[in-house]
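As structure tokens, the structure follows; a few thoughts come after it.
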Amino acid sequence: MQGIYSMLNLILFGPPGAGKGTQSEKLISQYHLKHISTGDLLRAERQEGTELGIQANEYISKGELVPDAVVIGMVRNFMLSNTDAHGFIFDGFPRTIPQAEALDAMLTEFNAQIDVVLGLEVQEDELVKRLLLRGQTSGRADDQSEETIRTRFQEYQNKTLPIQGYYDQKSKYVGVHGIGEIDEIFSQLCEKIDALN
Ligand code: AMP
């Protein structure tokens, strides 16, 4: 399996509501990457009514993180069934240091690595506004309660934010101001990616 993921692997990083999903869609078509959104995968499991989906929903509905082993296994399966990919864009994963370490180990196994971690930087009051607005149309229960949203931020602060330092130490973290026009933010992200070559 040597080299199959060697093209470009990036993590789109940021708090809930920062615009990771929106920007992922644009980046996928620009760079022909495979999208891995653990949130989407978990919601699909729930929709299909699998045991994993039902158990994960207990956490999701409270705004808590799903246990590491569950999401790591899911990502691993996804990568193994997409060995023809030119690279991956990780969206909403990793969310904890153990997930980041597991991802690094998996990529090393495939003779690949994370090339860059793009962080969408948006402050909390703007995020709450965006999430509540999204909740009116997304059909996502976890976007509709301010309490659940606050729990998601706490999880982000406590468990996810340390990942920024983890990749910063490896000189892989690049922050982008995440407020403004979608296309403007997108072109800033593209600039950072193109600068890698
Ligand atoms: P998202 O769609 O990325 O906002 O994720 C929605 C919810 O799914 C989160 O609030 C978590 O409960 C769960 N989730 C998604 N990705 C992960 C992950 N990498 N680790 C743990 N829980 C996750």
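Owing to the predicted nature of the structure, the values given are computational and were not obtained by experimental measurement. Note that ligands are numbered from 1 as they come in the structure, with each ligand's atoms numbered from 1 the same way.
With a 6.0 Å cutoff to the six-membered ring centre and a 45° limit on the axis angle, K26 counts as a cation-pi contact of F186.
Protein heavy atom closest to atom 8 (O) of ligand 1, with residue, atom name and distance, is I60 CG1, 3.7 Å. Among protein heavy atoms, atom 14 (N) of ligand 1 sits closest to L42 CD1, 3.5 Å. The protein atom (non-hydrogen) at minimum distance from atom 22 (N) of ligand 1 is V66 N, 3.0 Å. Considering only non-hydrogen protein atoms, atom 16 (N) of ligand 1 sits nearest to T38 OG1, 2.8 Å. Considering only non-hydrogen protein atoms, atom 9 (C) of ligand 1 sits nearest to R95 NH2, 3.9 Å.
Residue contact annotation: R43 has a non-hydrogen atom under 4.0 Å from ligand 1.
Shown in contact with Q99 at under 4.0 Å from a heavy atom are these atoms of ligand 1, numbered in order with element: 18 (C), 19 (N), 20 (N), 21 (C).
Using bins of under 30°, 30° to 60° and over 60° for the plane-to-plane angle, the ring pair F78/F88 lands in the perpendicular bin.
Distances from atom 4 (O) of ligand 1 to the heavy atoms of E64, R140, E58 put R140 nearest.
For E155, no heavy-atom contact with ligand 1 is shorter than 4.0 Å.
Between I163 and Q99 the shortest side-chain heavy-atom distance does not fall below 4.5 Å. No side-chain heavy atom of E155 sits less than 4.5 Å from a side-chain heavy atom of T160.
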(request) Show the numbers, then the answer: is there a salt bridge (Lys or Arg N to Asp or Glu O under 4.0 Å) between R152 and D143? (result) CA-CA 10 Å; R152 286 161 71 195; D143 286 343; 3.0 Å; yes

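The shortest N or O to N or O distance between G92 and ligand 1 is below 3.5 Å.
No side-chain donor from either of T148 and D142 sits under 3.5 Å from a side-chain acceptor of the other.
The side chain to side chain contact (heavy atoms under 4.5 Å, CB included) with F93 is formed by just one residue from the set I11, I36, L103; it is L103.
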